[in-house]
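One structure below.
One-based numbering, in listed order, for ligands and for the atoms of each.
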Amino acid sequence: MIRADLVIYGARQLVTLADVTVPPGPRRGHDLAELSVIEQGALAARDGKIVWIGPADALPRQVSQLSGCGVFDATGHVVTPGLVDPHTHLVFARGRAVEFSQRAAGKSYSEIAQAGGGIARSVADLRAGAFDELCRNAGKIASRMLTYGTTTAEAKSGYGLDLEHELKMLRAIRTVDSSHAIDLVPTALPAHTIPVEYRSRPSDYVDLVCHEILPAVAREKLAVFNDVFVESGAFSLAWAERIQSAAASLGFGLRFHVDQLSPMKGTELAVRLGAISADHLDFISDDGIRCLADSTTIGVLIPGVSYFLDCTQRPPARRMIEAGVAVALATDCNPGSNMCESMTQTMNQACVLYRMSPEEALTAATVNAAWSLQRADRIGSLTVGKQCDCVIWDTDDYRDLSYHYGVNLAVHVIKNGMRAAP
Ligand SMILES: [Zn+2]
């Protein structure tokens with residue numbers, strides 16, 4: 001008999017996303033739609049880890065409940081792995097609703113940026129913001145993510161853009177991670193944009209990133225990954241390569257914002273440097289698709305930004321999936337280009353704007369997102385030995401997570417075997 005301190009029983013659909021390949025890897029092509037659903041399923045956990053999973057009628061014979069065992073009746077409901085959001089900027093000092101109004105009145109994102117808005121606005125706000133205030137704001141966003149079913153999220157710096165404030169942001173991420181049930185995976189992004197004070201000598205800023213900021217982040221073990229925004233007006237391919245080579249030598253995994261606003265062949269660079277993820281990809285080239293498909297780099301798609309900025313150019317998600325790219329989905333939650341914490345909203349946008357299926361969207365928001373954070377050994381699917389991070393949803397059809405949008409269907413969000421939200 002297996003002893004458990006948490007039991008979920010009666011799930012109409014228990015979506016496990018158990019591995020379909022040997023050895024396990026991120027899902028590609030047709031495997032993206034293979035959810036490995038147990039109809040009338042049950043799950044048991046102990047000390048935060050899954051110890052048993054199977055048909056509900058076998059549960060009483062195979063699992064005994066320890067005293068104080070948490071029991072969740074999921075009758076008629078869907079259970080999925082906790083959602084994983086692999087690209088967020090959740091630490092910022094203030095929202096930018098003013099710019100949202102300006103865009104509604106006809107101004108473009110780049111016009112607003114040129115007038116001192118955009119990332120530069122968030123940098124000025126961040127530098128002026130008190131540490132406790134930053135943690136409070138980020139904590140609220142983290143709580144909201146959890147309420148909407150996200151149990152692990154990546155979190156980037158990138159509004160500090162100098163040594164002191166990049167460290168301040170990453171320390172805020174660490175503080176929120178340790179004080180909230182959600183797990184945050186920290187990424188350094190000092191190469192988000194060239195700060196105003198370095199506009200006339202940008203290569204000096206690249207030196208600062210390579211020689212001071214990244215070594216300090218590494219010394220304090222404040223980040224797992226380093227990210228660079230490759231774009232005209234941000235960082236060239238050559239600068240990105242310098243920065244990421246320095247980051248790799250310090251032990252960081254590499255992530256990239258690439259081919260978002262113009263075709264830069266950034267995807268090809270990301271693959272060549274062995275990046276864990278290449279994100280956005282609105283302007284990815286045919287060569288970029290081919291080399292991404294042949295690589296271990298995950299393509300992280302962000303339909304919320306396509307929606308929020310009303311972009312006509314969108315990543316060719318169908319061609320990417322057919323070519324064999326392992327795709328994941330992320331919110332890119334940030335005050336400028338997508339003020340949204342919800343991964344189910346993102347899944348809806350992926351289906352509507354990118355023509356992904358609800359099955360592909362769910363895989364991309366769980367197991368593939370976990371691979372893109374190098375945590376697929378622990379999260380992203382429901383199998384024995386993994387963390388008991390899961391969500392019980394108020395529906396009997398997993399497709400509703402993408403289809404029924406603008407509401408929160410999460411009834412219980414369970415993190416490490418404990419009810420964490422709502
Ligand atoms: Zn971003």
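- At the Zn ion (ligand 1), the vertex angle linking NE2 of His87 with NE2 of His257 is 90° (nearest 10 degrees).
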Note to self: Evaluate His89 against His257 for ring-ring contact (aromatic ring centres under 6.0 Å, His included), listing each step before the verdict.
What the structure shows: CA-CA 12 Å; His89 306 253; His257 286 64; 5.5 Å; yes

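- The main-chain N or O of Thr152 is never found under 3.5 Å from a side-chain atom of Thr150 such that the two would form a donor-acceptor pair.
- Per residue Asp332, closest N, O or S atom to the Zn ion (ligand 1): atom name OD1.
- Judged by distance alone, the side chain of Ser157 and the main-chain N or O of Leu189 form a donor-acceptor pair under 3.5 Å.
- By the neighbour-count criterion of 12 heavy atoms within 6.0 Å, atom OH of Tyr109 is densely surrounded, having more than that number from other residues, nucleotides or ligands.
- Distance check for His89 against the Zn ion (ligand 1): an N/O/S atom falls below 2.8 Å.
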